[in-house]
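First up is the structure itself, then whatever we jot down about it.
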2 protein chains.
Amino acid sequence: MSEEGRKSVSSHNLADFLGVNAWQIRKDFSYFGAFGTPGVGYNIEKLAKQVKKILKLDVIKKAALVGVGNLGSAVLAYPGFGIYDFSIAAAFDSDPKKIGRKKGYLTIEDSSKLRTLKRRRISLAIIAVPRESAQNTADTLVKAGVRGILNFSPCHITVPKKVKVITIDIAMDLARLPYYMPAN
Amino acid sequence: MSEEGRKSVSSHNLADFLGVNAWQIRKDFSYFGAFGTPGVGYNIEKLAKQVKKILKLDVIKKAALVGVGNLGSAVLAYPGFGIYDFSIAAAFDSDPKKIGRKKGYLTIEDSSKLRTLKRRRISLAIIAVPRESAQNTADTLVKAGVRGILNFSPCHITVPKKVKVITIDIAMDLARLPYYMPAN
DNA sequence: CTATGTGAATTTATTCACAGCA
DNA sequence: TGCTGTGAATAAATTCACATAG
């Protein structure tokens, strides 16, 4: 909306877009303070800034990718990170044939260099390695100071409480569909 | 647990595993009926069957993949579908260089053949095409009788009410991490 | 003695309705 | 007049506590 030159948006606009009710939008915002203008709506720039702050997206974050196979390559090519002010700042693999190769704007590094992440102030990582190596990779990442992990392996990963893991299990997401599909 | 030869599991076991409370497990199950044995717990085979039924996972489902790029290839190689009794039964691409090529156990078909899905009784699809073609692909899938779509493009897809779409936005999932990470 | 299943109590979330500001 | 922000009312989910079954 901001890119389209719009200046303000009402709770009703937002509600329609998201498929919820207007009062729900207002009530939710109100828990974090009052940042709208009665009779007008919410200033779009200001609202975006507030929401980013609430979601802790107000500092630009760098993420490392571990595993540059098919899935990892797809992550590197993913066009959607910019909108959240994220960037993939490093890519690692353990395959000697890949190490040193360029992939987009990044050079693939040896997985044994993961410990440099702390020095480079990279605190997020994406795990796109085979299931067998997922837990090992996670352990190494935690030692390297990583505090948030996005895990694409279909397995449970154990980490210290200070670290947050979000696992994306493609099969499980596919399996959610039938529940919402009408019979026949 | 079943594969490990265990026969029964208590609400407390399950709760520990999932990180919730035992009464929550029992209450949730109770909404769908009573299928435990007091003093013993839940029969594992029976429970799995019940849960699959509740989640509409009791019939084996076939899914089609559209877009065999990096992400699509990763989906084909994904080892986790079996546990939900799912299989990828067809793969499509619009790139002439890919059509006809084998990819694992599947031969890549021309996207213009998507309409054969109805005849082949495939009612689920995974969209792994570039963002620009996502809506078009979805429209074609809906015409071909598909009722559930797993969308990997970072964009909103509009479909008739009878069709369920689940969108996985990798960037958004990554962006969820900072909220749960302690400061510094 | 152990573990389920469920009413009742409690807590939390949603919805309403409207006062008040631009 | 249009839209926000919020107390109050309603609805829903969670937690407790215990009767009951193996």
Please name the pair of heavy atoms, one in A/Ala128 and one in A/Leu65, separated by the smallest distance, quoted to 0.1 Å. CB-CD1, 4.2 Å
How many whole angstroms separate atom CD of B/Gln50 from atom P of C/dT4? 15 Å
Whole angstrom is fine here: how far is it from CD1 in A/Ile25 over to C1' in D/dT4? 13 Å
Can you identify which nucleotide, out of C/dT6, D/dC16, C/dT14, has its nearest atom closest to the B/Trp23 side chain? D/dC16
Can you tell me if A/Asn43 uses its side chain to pair, donor with acceptor, with the backbone of A/Lys46 under 3.5 Å? yes
The reported gap from OH in A/Tyr78 to CG in B/Asn70 (rounded to nearest 0.5 angstrom) is 14.0 Å
Nearest whole angstrom, please: distance from the C1' of D/dC16 to the CZ of B/Arg26. 10 Å
Integer-rounded Å distance: D/dT14 P and B/Leu18 CG: 14 Å
Is there a side-chain polar atom (N or O) of A/Ser11 under 4.0 Å from OP1 or OP2 of D/dT4? yes
Ignoring backbone atoms, establish whether B/Asn21 has a side-chain N or O less than 4.0 Å from OP1 or OP2 of D/dT15. yes
Side chain of B/Pro38 only, heavy atoms from C-beta on: which candidate in C/dA3, C/dT6, D/dT4 is closest? C/dA3
Selected nucleotide, minimal atom distance to A/Ala34 side chain, candidates C/dT6, C/dT15, D/dG5: D/dG5
To the nearest Å, give me how far apart CD (A/Gln24) and P (D/dT6) are. 17 Å
Rounded to the Å, how far apart are A/His12 NE2 and D/dG5 C1'? 18 Å
When the distance from OH of A/Tyr31 to P of D/dG7 is rounded to whole Å, what number comes out? 10 Å
Below 6.0 angstrom between ring centroids: does that apply to A/Tyr84 and A/Phe81? no
May I ask you to verify if any side-chain N or O of B/Tyr42 is less than 4.0 angstrom from the OP1 or OP2 atom of C/dG5? yes
Quick check on salt bridge (Lys or Arg N to Asp or Glu O under 4.0 Å): which of A/Lys61, A/Lys62, A/Lys52 does A/Asp85 satisfy it with? A/Lys52
Atom CG of A/Leu14 and atom C1' of D/dG2: how far apart are they, to the nearest Å? 16 Å
So if I take every side-chain heavy atom of B/Lys27 and compare against D/dG7, C/dA8, D/dA17, which nucleotide ends up nearest? C/dA8
